[in-house]
Amino acid sequence: MTTSRQVGIVGVGLMGHGIASSLLRAGHQICFLEHSGNQPVKDLLEAGATPLSSGREVAQSTDVVILCVTGSPQVEAVLFEPNGILAGLKPGCVVVDCSTALPSSTEKVAARVTEAGGRFMDAAMTRTPKEAAEGRLNLIVGAPNALFDETLPLLQGFAENIAHAGDVGAGHTLKLLHNFVSLGFSAVLAEATAASRKAGISDTALLEVLGAGGGGGVVLERLRPYIAENDPSGFRFTVANASKDLGYYHTMTNELGVERGVAGAVHALYSSIDDTTLAVPEVIGVLEQRR
């Protein structure tokens, strides 16, 4: 039986809310930072979660703090602001960063957490809010072996597939690689679908041929509901987040000194879309209206 732990969550958005509800079901004690960007939390409160008004209070109340915010600037803010997490960090407290972040920032963040007496791991997420609510996320973890082994039972409370990518920073690095591939495939499929429709090919025929051939796979299945029924819910990831993650990928590959020509084209496509609130599948509709 998993030992109950005191867990604080910063960022109760679409993904963080699912993590919180899953950990409550697993028997952990949960508190969370009150924030205007949180999803409705009535169900969490009814299940026993405690709202707190500052990062300091969250850290003082827990032995594990999970960050589920937008990116590196937000991670640094919630940790280092005057009344932030580091101000209340208890010795040995584990900070688990589930955000999508820039690896070079992650390494600096980890160093400051360690200097403050805490321990740090990155545990980048894939999958969607649906799987978060079901406790079935995929996690890509960067952590020392001993910390990974210690924390694994807790991570299993909200994740189904957990890959240990290496030491601190490896999780965020592999997540950016993953998102580049996923968003790159999405861009290719979006352009192909727009061209197919302009050519008068039925969506049914396109999906049949791609699905049985080189276009088959997870990304096509996420786009399928939109192509077939104009339903974007299969890939609830916004153009804004796509552009942000591809921007991080651009920075990372620049720091690594590796080729990024394809990534540049993919980034340019998402950056060219004015309505950044659109979900990734809706890029298809935008492309249909062009030229």
Side-chain angles (χ1 to χ4, degrees), residues 13-15 18 39 70-71 100 124-134 136-138 140 160-161 174-254 258-291:
L14 289 171
M15 301 296 277
Q39 290 291 296
T70 304
T100 300
M125 305 172 290
T126 67
R127 290 189 166 174
T128 71
K130 176 178 181 293
E131 285 85 20
E134 295 169 348
R136 297 177 51 248
L137 286 173
N138 293 340
I140 311 168
E160 181 177 38
N161 301 304
L174 194 50
K175 170 65 182 294
L176 292 181
L177 291 165
H178 170 276
N179 278 19
F180 163 54
V181 171
S182 177
L183 293 167
F185 285 171
S186 297
V188 169
L189 290 168
E191 288 197 356
T193 302
S196 175
R197 289 175 173 177
K198 286 287 182 73
I201 304 296
S202 73
D203 291 337
T204 300
L206 176 71
L207 290 168
E208 179 181 355
V209 171
L210 291 180
V218 171
V219 176
L220 179 64
E221 294 312 306
R222 288 183 175 178
L223 295 179
R224 183 183 292 274
Y226 185 83
I227 297 171
E229 301 172 2
N230 206 38
D231 175 9
S233 63
F235 199 167
R236 293 177 65 191
F237 195 74
T238 65
V239 168
N241 278 330
S243 295
K244 182 262 296 181
D245 288 3
L246 289 165
Y248 282 175
Y249 183 83
H250 179 89
T251 299
M252 181 183 77
T253 51
N254 185 55
V258 298
E259 176 61 38
R260 57 176 186 276
V262 174
V266 174
H267 190 198
L269 171 63
Y270 288 105
S271 298
S272 72
I273 296 171
D274 292 332
D275 187 351
T276 57
T277 66
L278 295 176
V280 165
E282 294 174 298
V283 170
I284 295 169
V286 173
L287 296 181
E288 282 188 89
Q289 302 303 314
R290 291 184 176 177
R291 300 186 68 174

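In this chain, numbering begins with 1 at the start of the sequence shown.
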Worksheet item: For the atom pair CG (Leu137) and CZ (Arg127), what is the distance rounded to the nearest 0.5 Å?
Response: 8.0 Å
Fill in: Reported CZ-to-CD1 distance for the pair Arg290 and Ile273, which is rounded to 0.5 angstrom
5.5 Å
Discussion item. I need the minimum non-hydrogen distance between Val266 and Ala187, along with the two atoms involved.
Written reply: CG1-CB, 4.2 Å
Fill in: N/O donor-acceptor pair under 3.5 Å between Arg236 side chain and Thr128 backbone
no
Discussion item. I'd like to know if the side chain of Ser196 and the backbone of Ala192 have a donor-acceptor N/O pair within less than 3.5 Å.
Written reply: no
Worksheet entry | Residue pair Val219 / Ser186: nearest heavy atoms and the distance that separates them | CG1-OG, 3.3 Å
Fill in: Asp203 vs Glu229 side-chain heavy atoms within contact, under 4.5 Å
no
Worksheet item: So do the side chains of His267 and Arg260 get within less than 4.5 Å of each other, counting heavy atoms only?
Response: no
Discussion item. Can you give me the closest heavy-atom contact between Ala263 and Tyr249, atom names plus distance?
Written reply: CB-CE2, 3.6 Å
Worksheet item: Does Ser272 reach the main-chain N or O of Leu269 with its side chain, forming a donor-acceptor pair under 3.5 Å?
Response: yes
Worksheet entry | From Ile284, Asp231, Val283, residue fulfilling side chain to side chain contact (heavy atoms under 4.5 Å, CB included) relative to Tyr226 | Ile284
Practice prompt. Identify the heavy atoms of Val280 and Ala242 that sit nearest to each other, and give their distance.
Written response: CG2-CB, 4.4 Å
Practice prompt. Decide yes or no for Leu206 and Arg197: does some side-chain heavy atom of the first lie under 4.5 Å from some side-chain heavy atom of the second?
Written response: no
Worksheet item: In Å and rounded to the nearest 0.5 Å, what is the CD1 to CG distance from Ile227 to Leu210?
Response: 7.5 Å
Discussion item. Would the distance check show the side chain of Tyr270 and the main-chain N or O of Leu183 forming a donor-acceptor pair, the cut-off being under 3.5 Å?
Written reply: yes
Item to complete: Give the intermediate values and the outcome of side-chain contact (heavy atoms from CB on, under 4.5 Å) for residues Val262 and Phe180.
Response: CA-CA 10 Å; Val262 174; Phe180 163 54; 4.1 Å; yes
Worksheet entry | Minimal non-hydrogen separation, Ser271 against Ser243, with atom names | N-OG, 3.8 Å
Worksheet item: Does the side chain of His178 reach to within under 4.5 Å of the side chain of Leu174, using non-hydrogen atoms?
Response: no
Discussion item. Within this structure, what is the CD-CZ distance for the pair Glu131 and Arg136, rounded to the nearest 0.5 Å?
Written reply: 5.5 Å
Response to the item:
So CD1 of Ile201 and OG1 of Thr193: to nearest 0.5 Å the spacing works out to 12.0 Å
Item to complete: Measure the shortest side-chain to side-chain distance between Asp275 and Glu282 over non-hydrogen atoms and say whether it is less than 4.5 angstrom.
Response: no
Fill in: Among Thr126, Asp245, Asn241, Thr100, side chain to side chain donor-acceptor pair (under 3.5 Å) partner for Asn179
Asp245
Fill in: Heavy atoms of other groups near Glu208 CD, more than 12 under 6.0 Å
no
Practice prompt. For residues Met15 and Met125, report the shortest heavy-atom separation together with the two atoms involved.
Written response: CB-CE, 3.9 Å
